[in-house]
J.: 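One structure follows; several queries about it will come next.
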Amino acid sequence: MSVTARPILSVRDLVVQFGSERVLNRISFDIEKGAIVAIIGPNGSGKTTLIRTILGLEKADEGEILVFDKSINEVRDRIGYVPQRFQFDKEFPMTVLEFLRLRSEKAREEKTLTHKLSEVGLRANIAHKRLGELSGGELQRVLIAQAIINSPDLLFMDEPNAGIDIAGEETLLDIIKRLNEHHGTTILFITHEIDIIARTFTQVICVNRELICHGAPKVALNEATLKRLFGTEANFYEHHRPHHH
């Protein structure tokens, strides 16, 4: 009998309450090393809370979370996080390079940092631009670059494709695949785009305060699941992009 590797992330009976409202109810799942996982669910379903609780940014009321078999505080340096919104003062005179240096004691050399920028599809000359001068898509990639500076084993991304055009989205998915293939990074990715899941992701977790599904996209994303997740609008998510001739 072969011994299966321990999961990289294990969530057991997770309960999160905000006041009297139960935002996450008894969520349990395991993620194996090397998985690319999509987390989906309607607005207000607890997706961001789930990630923030795993990261230790929200408190769990019940349950257990193990990352690499340890508590999150012991392994924080092995984890990257791209938040959903990044607020900063557009006038603040900080360059891309300075921003990346904030994130890492180790990677201070410009060469190391511009290499990270190239990994997310940005040219080296962007390093000296101010954050406030970047386009939305460029800023998005800089945020991904800062999340992968320490070559994390586990990367959380909260809707990094929101508000990015299709071409940018394709690149984003390429970035994810490359990180996964070249660095063996395990990735958990909150998304609203159901039609990108089957192409890129090895697993999908469906959350609507409870765990609705967890498994390979082809199995997990059936019509019944989508109905439970999104109600009657399920068929809306079946659409595919028109092909341009």
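If you're wondering where the values come from, they're calculated on a predicted model, not measured in any experiment.
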J.: Using the rule that Ile, Leu, Val, Met, Phe, Trp and Tyr join whenever any side-chain heavy atoms are under 4.5 Å apart, tell me whether I65 and V75 fall into a single cluster.
T.: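 Same cluster: I65 reaches V75 through Ile, Leu, Val, Met, Phe, Trp or Tyr contacts under 4.5 Å.
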
J.: Identify the heavy atoms of Q146 and Y81 that sit nearest to each other, and give their distance.
T.: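 Heavy atoms only, the tightest pair is NE2-O, 3.7 Å.
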
J.: Do any N or O atoms from the side chain of T114 and from the backbone of K111 form a donor-acceptor pair under 3.5 angstrom?
T.: yes

J.: Do L57 and L14 sit in the same hydrophobic cluster, where Ile, Leu, Val, Met, Phe, Trp and Tyr count as joined when their side-chain heavy atoms come under 4.5 Å apart?
T.: yes

J.: Treating E181 as the side-chain partner and R178 as the backbone partner, does any N or O pair qualify as donor plus acceptor under 3.5 Å?
T.: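 Side chain of E181 to backbone of R178, a donor-acceptor pair under 3.5 Å: no, none is there.
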
J.: Ignoring hydrogens, what is the shortest heavy-atom contact between F68 and I79? Give both atom names and the distance.
T.: CE1-CG1, 4.3 Å

J.: Within a strict 4.5 Å, meaning less than it, do heavy atoms of the L102 and M94 side chains meet?
T.: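 Yes - at least one pair of side-chain heavy atoms lies under 4.5 Å apart.
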
J.: Would you check if L122 and E138 make a side-chain contact, meaning some heavy-atom pair closer than 4.5 Å?
T.: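 Yes, close enough: below the 4.5 Å cut-off.
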
J.: So, for I212 and V207, which heavy atoms are closest and what is the spacing to 0.1 Å?
T.: CG1-C, 4.3 Å

J.: CD1/I40 to CD1/I194 distance, rounded to the nearest 0.5 angstrom?
T.: 4.0 Å

J.: As a quick check of understanding, evaluate side chain to side chain contact (heavy atoms under 4.5 Å, CB included) for R228 and N208, giving each step before the final call.
T.: CA-CA 8 Å; R228 277 186 70 194; N208 197 351; over 6 Å; no

J.: Do T185 and N180 meet the criterion of a side-chain donor-acceptor pair at a distance under 3.5 Å?
T.: no

J.: Between I126 and L117, is a side chain to side chain contact (heavy atoms under 4.5 Å, CB included) present by the stated rule, with each step listed?
T.: CA-CA 9 Å; I126 207 170; L117 290 172; 4.0 Å; yes

J.: Show the nearest heavy-atom pair for residues M157 and L172, with the distance to one decimal.
T.: CE-CD1, 4.4 Å

J.: Do K129 and L134 come within less than 4.5 Å of each other through their side chains, counting heavy atoms only?
T.: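 The answer is yes; the side chains approach within 4.5 Å.
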
J.: If I take atom NZ from residue K227 and atom OG1 from residue T225, how far apart are they, to the nearest 0.5 angstrom?
T.: 11.0 Å

J.: Whether E58 and R52 form a salt bridge (side-chain N of Lys/Arg under 4.0 Å from carboxylate O of Asp/Glu) is what I want to check.
T.: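 Yes, R52 and E58 are salt-bridged.
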
J.: Taking only Lys NZ, Arg NE, NH1 and NH2, and the carboxylate oxygens of Asp or Glu, determine whether R209 and E21 approach each other closer than 4.0 Å.
T.: yes

J.: Decide yes or no for L24 and D61: does some side-chain heavy atom of the first lie under 4.5 Å from some side-chain heavy atom of the second?
T.: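 L24 does not reach D61 side chain to side chain.
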
J.: Is E62 paired with R26 through a side-chain N to carboxylate O contact shorter than 4.0 Å?
T.: yes

J.: Does some side-chain heavy atom of L221 sit less than 4.5 Å from a side-chain heavy atom of V204?
T.: yes

J.: Roughly how far, to the nearest 0.5 Å, is CD1 of I27 from CG of D13?
T.: 10.0 Å

J.: Could you walk me through whether L113 and R101 satisfy the side chain to side chain contact (heavy atoms under 4.5 Å, CB included) test, starting with their C-alpha distance in whole Å, then the side-chain angles of each, then the deciding distance to 0.1 Å, before giving a yes or no?
T.: CA-CA 8 Å; L113 296 173; R101 281 191 177 131; 3.6 Å; yes

J.: Say whether V15 and L9 are linked into one hydrophobic cluster, either directly or through other cluster members, by side-chain heavy-atom distances under 4.5 angstrom.
T.: no

J.: If you define the side chain from C-beta out and look only at heavy atoms, does anything of V37 sit under 4.5 Å from F201?
T.: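 No, every pair of side-chain atoms sits at 4.5 Å or beyond.
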
J.: Of the non-hydrogen atoms in H214 and F29, which two are nearest, and what is the gap between them?
T.: ND1-CB, 3.7 Å

J.: From I196 CD1 over to L173 CG, what is the distance, rounded to the nearest 0.5 angstrom?
T.: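 CG of L173 is found 4.5 Å from CD1 of I196.
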
J.: Does some side-chain heavy atom of P152 sit less than 4.5 Å from a side-chain heavy atom of R78?
T.: no

J.: Does a donor on one side chain and an acceptor on the other come within less than 3.5 Å for D153 and H183?
T.: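 There is no such pair between these side chains.
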
J.: For the side chain of R76 and the backbone of L55, is there at least one donor-acceptor N/O pair under 3.5 Å apart?
T.: yes

J.: Calculate, to the nearest 0.5 Å, the distance between atoms CD1 and NZ belonging to I187 and K177 respectively.
T.: 11.0 Å

J.: Do the side chains of L66 and L155 join up, straight or via other hydrophobic residues, at under 4.5 Å, putting them in one cluster?
T.: no

J.: I149 and L100: which non-hydrogen atoms are nearest, and at how many Å?
T.: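 Here I149 and L100 meet closest at CD1-O, 3.4 Å.
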
J.: Should Q203 and I31 count as side-chain neighbours, where that means a heavy-atom distance under 4.5 Å?
T.: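 Contact flag for Q203/I31 side chains = yes.
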
J.: Checking side chain to side chain contact (heavy atoms under 4.5 Å, CB included) for the pair R130/E98: CA distance, chi angles, key distance, verdict?
T.: CA-CA 9 Å; R130 278 167 45 166; E98 289 163 341; over 6 Å; no

J.: When you compare the side chains of E210 and N25, does any donor N or O come within less than 3.5 Å of an acceptor on the partner?
T.: yes

J.: Would you kindly say whether K116 and S151 are connected by a side-chain donor-acceptor distance under 3.5 Å?
T.: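 The criterion, which ignores hydrogens and geometry beyond distance, is satisfied for S151 and K116.
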
J.: Please check if the side chain of S28 supplies one atom and the backbone of R12 the other of a donor-acceptor pair under 3.5 Å.
T.: no

J.: Side chain of K33, backbone of G184: donor and acceptor closer than 3.5 Å?
T.: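 Flag set: sc K33 to bb G184 pair under 3.5 Å.
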
J.: Has the side chain of T202 got a donor or acceptor atom that lies under 3.5 Å from a matching backbone atom of I36?
T.: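 Yes, the answer is positive, given that a donor and an acceptor are paired below the 3.5 Å cut-off.
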
J.: Is it the case that the side chain of D158 and the backbone of I190 share a donor-acceptor pair, with hydrogens and angles ignored and the cut-off at 3.5 Å?
T.: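 The answer is no, because no donor-acceptor pair under 3.5 Å joins these two groups.
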
J.: Can you measure from CZ (F189) to CD1 (I205) and round to the nearest 0.5 angstrom?
T.: 14.0 Å

